[in-house]
Every structure is written in structure tokens, then in C-alpha cells.
Amino acid sequence: MKAKDFLTVRDLSQEEILETFRIALDMKADRMKYSEALKGKALALIFEKPSLRTRTTFDIGIQQLGGYSLYLSPAEISLGKRESVYDVAKNLERMVQGIMIRTFGHQIVVDMAEHSSVPIINGLTDYSHPCQAMADYLTMHEVKGNLKGLKLTYVGDGNNVAHSLMFAGARLGVNVSVACPPGFEPNVIAYQQACEDAKATGARIEITHDPVAGVAGADAVYTDVWASMGQEAEAEQRKKIFRPYQVNEELMKHAKKDAIFMHCLPAHRGDEVTDAVIDSAASVVFQEAENRLHAQKAIMYQLMR
Ligand code: CP
Ligand code: NVA
């Protein structure tokens, strides 16, 4: 990996993403093979939002590589409030060999990366969730056997997860369709960047307001919560707006027969997805969750060695 940090999927070339998948699958096949790869190295985990998967997989992942982690809770640091982002970076770079951050504004991880000499890994911002997209395409690759030319349809809010799926799809040659209500499209710049990146691979990146049209011919149907962390106050209003975008058995009928169902989790069952879909044979949501571990270990291994 050429980049010092992993802030968005766009930091990686197609070759670097595929190399990360190769290492991740090698780690998945033989956990002990890498048990001393990051021996004695410390990873700080800064969380300003809750987490199950990200916390567990980074914490366990660094230990499986021979290192150890330090969890810093939302109450402890208050990036930019208790202390400037610059000062946090200048302190931590003397104490740890890598920093994972889950926070609100994307600029915070950008600033941390600029000021810190040790790698910064984005564990979710309001703008992107790159570790998630790596685990998701790794999963799609495992299940489908290949990626190029496949179609992934993301149904729901044009949020951080949607952005990262577009970025990675563009790099990998996966066609990505985002079906969202008017006014909830992905960020315009993110969409333009994905379209620009897609020119190199021929991937089609499209936005539609029609979930049925979006899902047509899809190899994977993906959804996420309608109100992300930090948008709790809008949750009730969003429920009404997003109702026609629920992924249910009726909508899945419009995808390919062998289409898989994907979700980053946590899921709000009965809202963005029904039990019948998330618990169906087509659902790979727990495989995605497990693959967070393998994908992130491969990223830490490359950045922190
Ligand atoms: N998908 C995901 O990032 O899960 P957590 O919010 O539980 O970390
Ligand atoms: N879009 C969701 C993803 C959670 C993993 C959020 O930001 O809350």
C-alpha cells in the first residue's frame, strides 16, 4: 500500500484492493500464520459513536496479529473539544503505532492523518466507511467467485456506506446503483468522484429514485439503516419517507434469482429490511460481519508493519 493512511477506499488502487483481499483470505485460511506479524505494536481505538463490529474486529484483529489495542471511549477524548485534533495526534503518535478513529466529521480523520506520523484508519465517519466496503466486496467475491461486471444495488439513504460502496465498486468494475428517495442522494462530489474512477474499469455508477428499476438485474441487494448515528432526531420522519424503499421479498423478486442480500449491520428489522429477507438463504450479513475482521487485519498488516 502506498498510502500512509486508510481514510477512504479511493486511497487504494484496484491492485491494492485485490492484494488486500488476497492477504485477508490468507489470514482467514490460517490465523496462526500471522500471529507475530505486528508483535508488540499498539493500536489506539478512538470511538465517538457506538459500535459492535468495528470495535470487536479491530480489537481482536490486532491481538491476532501479535499486537494490542487501547480503547478510548466517546467520553474520554472529545476530539477537537477537550483538546485540538492536532494535539491529540501529536500525543498519540509518540505512544502507539496506529490509530483507528470512528467519528462524525470526515475532516477530523483527514486532519489526524495530516498531523500524525502513524497510520490513521477510518472506522466510520459521516462521509465514509471504507473498512465496511472492503469486507463487503470481499464477501461478494467469496460468494460469487468474481466481481467485475456484477451489479450491486444499494437501496436506502445515500450515506457513508453508500459512498464507500460506490468508490470500491468504481475501482473494482462492479456496477453500483443507488436507489434512494429524492433529497437523500449520495453526496454530489462523492458521486462525481466515483463516476470519474469508474472510467478506468467501465463500472456504471447510477442513482435512481425507483427501487424496482434499481434492483433489476442486481447480483447483490444492499441496504442500511434509514437514520444513521447522529441522525436520531430525524428517525421518525425518515421512517415515513423511506417506507417505499424497504427491502422485502417483493423487492428481492426484481433482482437476479441468485441475488444475495447484504447489510452492514446493525439492522432495524421491519424498517429497511424484513425478517424474511435478512433471515433468508440469500442473506450474507453475518459473513460480511466476520469479514470485517479479515479485511481489517489485512489493512493493519500493510499499514503498520
Ligand atoms: N457495520 C458496523 O460498522 O458495525 P458497528 O457500528 O457495530 O461497528
Ligand atoms: N450508516 C450507518 C452505518 C452503521 C455501521 C451509520 O453511520 O450509523
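For ligands, and for the atoms within them, numbers begin at 1 and follow the listed sequence. Keep in mind that what you see is a predicted model, and the values were worked out from it rather than measured. Residues take their numbers from the sequence shown, with the count starting at 1.
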Response to the item:
So salt bridge (charged side-chain N to carboxylate O under 4.0 Å, His left out) across residues 165-183, not counting sequence neighbours, yields Arg171-Asp197

Worksheet item: Is the His263-Tyr222 ring centre distance short of 6.0 angstrom?
Response: no

Worksheet item: Purely on distance, is any nitrogen or oxygen of Lys49 under 3.5 Å from one on ligand 2?
Response: no

Discussion item. Tell me whether Arg55 forms a cation-pi arrangement with Phe47, defined as NZ or CZ under 6.0 Å from the six-membered ring centre and within 45 degrees of its axis.
Written reply: no

Item to complete: Do me a favour and list the nearest non-hydrogen protein atom to atom 8 (O) of ligand 2 with residue, atom name and distance?
Response: Met229 N, 2.8 Å

Worksheet entry | Asn160 to Ser228 - nearest heavy-atom pair and separation | OD1-OG, 4.3 Å

Fill in: Closest to atom 7 (O) of ligand 2 among Val161, Thr125, Asn160 (heavy-atom distance)
Asn160

Discussion item. Do Thr56 and Arg292 have side chains that approach each other closer than 4.5 Å (heavy atoms only, starting at C-beta)?
Written reply: no

Item to complete: Collect the protein residues that have a non-hydrogen atom under 4.0 Å from ligand 1 and hand them over in chain and number order.
Response: Ser51, Leu52, Arg53, Thr54, Arg102, His129, Gln132, Cys264, Leu265, Arg292

Discussion item. Below 3.5 Å, N or O to N or O, backbone or side chain included: is there any such pair between Asp224 and ligand 2?
Written reply: yes

Practice prompt. Give the minimum heavy-atom separation between Ile299 and Met134, together with the two atoms involved.
Written response: CD1-CG, 4.2 Å

Item to complete: Within a distance under 4.0 Å of any heavy atom of Asn159, pick out the atoms of ligand 2 and give their elements.
Response: 1 (N)

Discussion item. So, 4.0 Å and heavy atoms of Leu265: is ligand 2 close enough to count as a contact?
Written reply: yes

Worksheet item: So, is His129 polar-close to ligand 2, with some N/O to N/O distance under 3.5 Å?
Response: no

Fill in: Evaluation steps, ring pair (Phe, Tyr, Trp, His ring centres under 6.0 Å), between Phe184 and Phe242
CA-CA 10 Å; Phe184 295 87; Phe242 281 84; 4.9 Å; yes

Fill in: Aromatic plane relationship, Tyr34 with Tyr301 - under 30° parallel, 30 to 60° tilted, over 60° perpendicular
perpendicular

Worksheet item: Looking at residues at least two apart in the chain, or sitting in another chain, which of them share a ring-ring contact (aromatic ring centres under 6.0 Å, His included) with Phe21?
Response: none

Practice prompt. Could you tell me whether some N/O pair between Leu124 and ligand 2 is separated by less than 3.5 angstrom?
Written response: no

Worksheet item: Applying side-chain hydrogen bond (donor to acceptor under 3.5 Å, both in side chains), which residue pairs with at least one partner in residues 204-213 are found, sequence neighbours left out?
Response: Ser177-Glu206, Glu185-His209

